[in-house]
Amino acid sequence: MGKFWSLLFLAVPVLGVASFVWGWQEKIWLPEDHSANGGAIDHLFYFILALTGVVFVITEGAMFWFMWRYDSRSGKRPPTKFVHGSHTLEVVWTIVPAATLLFIAIYQMNVWADNKMRRPDMANMQDPPVEIEVTARQFEWRFRYPGPDKIIGTADDLFTVNELHVPVNRKILIQLKSQDVLHSFFLPNMRVKQDAVPGMKQPVWFTPTQIGKDDLVCAELCGWGHYKMKGRLIVESQADYDKFLQSLQEYQSATQEPAAAQKKDIP
């Protein structure tokens, strides 16, 4: 029975390695990448997964060897000597994981900085980012685009709900905030995930590289309707994006003017 359980224990790392290799070849580990920054993030993910996977296999292999070697049911167990701790061994298995974590922390610094710290420069006159304000609320996404004055927060701003339009091959700068509770702005195909914290406005940026429609979901449990808090990211050409803004401006002007006139006629 001891040998059986030892072999069963060995099957865990073997199946783990096999599933990793198969998933990597079939490209099922991550959703399809549609962003300029996704390659670096995917590389970091696979690198850390492979590194921790090697540690996992070595650890499981060592445990299997001890279970097999010192199986008391086999009747061939060699004499063992009791050792009350080993300071050298304890130092080694403390330093090695600490060094590994330190290496990972240093290795990922540039990727982290490019995606979380080096904010796009709004003063860049040659290629300024497209700025959009995103407000999360139970249970929808609200988007505010700058109007003709190119400034967010003025009277000519344009609005949509649950449909985020962006131009392809342009840096997109999202100003993210929450109106009520904690939400999480998640674009799987853009490799973007950022919590929306009430009382804070947080910048998020990405560069879409492919025209099409991708999912936008809330990745933080935000209440009873969390399951339906989803939207669409619509990536289109610059010309189509400009037409979208123009049509949105015309629609809002047509719907706001009658409302304003009706309000003015009220005594």
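Source: prediction; values computed, not measured.
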When rounded to the nearest 0.5 angstrom, what distance separates [atom1] in [X] from [atom2] in [Y]?
X: Leu233; Y: Leu187; atom1: CG; atom2: CG; answer: 5.5 Å
X: Ile174; Y: Leu164; atom1: CD1; atom2: CG; answer: 5.0 Å
X: Arg170; Y: Ser237; atom1: CZ; atom2: OG; answer: 12.0 Å
X: Ile132; Y: Leu158; atom1: CD1; atom2: CG; answer: 10.5 Å
X: Asp156; Y: Tyr145; atom1: CG; atom2: OH; answer: 15.0 Å
X: Phe139; Y: Asn162; atom1: CZ; atom2: CG; answer: 12.5 Å

Checklist entry - Is there any ring pair (Phe, Tyr, Trp, His ring centres under 6.0 Å) pair reaching into residues 180-215, and which pairs are they, with sequence neighbours excluded? => result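 Listed once each, the pairs are Trp141-Phe185.
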
Hydrophobic cluster identity match, [X] and [Y], side-chain contacts under 4.5 Å:
X: Phe47; Y: Phe56; result: no
X: Val166; Y: Ile234; result: no
X: Phe103; Y: Leu44; result: yes
X: Leu182; Y: Met200; result: yes
X: Leu176; Y: Val217; result: no

Partners meeting side-chain hydrogen bond (donor to acceptor under 3.5 Å, both in side chains) with [X] (sequence neighbours left out):
X: Glu90; value: none
X: Asn37; value: Ser35, Asn115
X: Gln175; value: Glu131

Non-neighbouring partners of [X] that pass side chain to side chain contact (heavy atoms under 4.5 Å, CB included), sequence neighbours left out:
X: Ile104; result: Ile48, Leu51, Thr100
X: Arg118; result: Asn110, Ala113, Asp114
X: Lys116; result: Trp112, Gln194

Determine yes or no for a side-chain-to-main-chain donor-acceptor pair under 3.5 angstrom, with [X] supplying the side chain and [Y] the backbone.
X: Gln252; Y: Gln249; value: no
X: Asp195; Y: Val197; value: no
X: Asp242; Y: Ala239; value: no

Atom of [X], atom of [Y] and distance for their closest heavy-atom approach:
X: Gly153; Y: Arg144; answer: CA-NH1, 3.9 Å
X: Asp157; Y: Pro146; answer: OD1-CA, 4.0 Å
X: Pro120; Y: Leu173; answer: CD-CD1, 4.1 Å
X: Leu216; Y: Phe143; answer: CD2-CZ, 3.5 Å
X: Ala196; Y: Gln202; answer: CA-OE1, 4.1 Å
X: Arg142; Y: Val161; answer: CG-CG2, 4.4 Å

Please output the side-chain donor-acceptor pairs of residues 219-228 that fall under 3.5 Å, not counting sequence neighbours, one pair per line with the distance.
unit_1 : atom_1 : unit_2 : atom_2 : d
His226 : ND1    : Glu220 : O      : 2.9

Checklist entry - Side chains of Pro31 and Arg191: closer than 4.5 Å at any heavy-atom pair? => result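 Pro31 vs Arg191: side chains touch.
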
Item to check | Residue list, ring pair (Phe, Tyr, Trp, His ring centres under 6.0 Å) with His165, at least two apart or on another chain | outcome: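 Phe244.
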
Donor-acceptor contacts, no H, no angles, side chain residues 208-215, under 3.5 Å, sequence neighbours left out:
unit_1 : atom_1 : unit_2 : atom_2 : d
Thr209 : OG1    : His34  : O      : 3.1
Asp214 : OD1    : His34  : ND1    : 3.1
Asp214 : OD2    : His34  : ND1    : 3.0
Asp215 : OD1    : Arg232 : NH1    : 2.6

Checklist entry - Mind checking what makes salt bridge (charged side-chain N to carboxylate O under 4.0 Å, His left out) contact with Lys201, not counting sequence neighbours? => result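 Lys201 satisfies salt bridge (charged side-chain N to carboxylate O under 4.0 Å, His left out) with Glu133 only.
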
Checklist entry - Ile152: which other cluster members, linking ILVMFWY side chains closer than 4.5 Å, directly or transitively? => result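 Once heavy-atom contacts under 4.5 Å are chained together, Ile152 still belongs with nothing else.
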
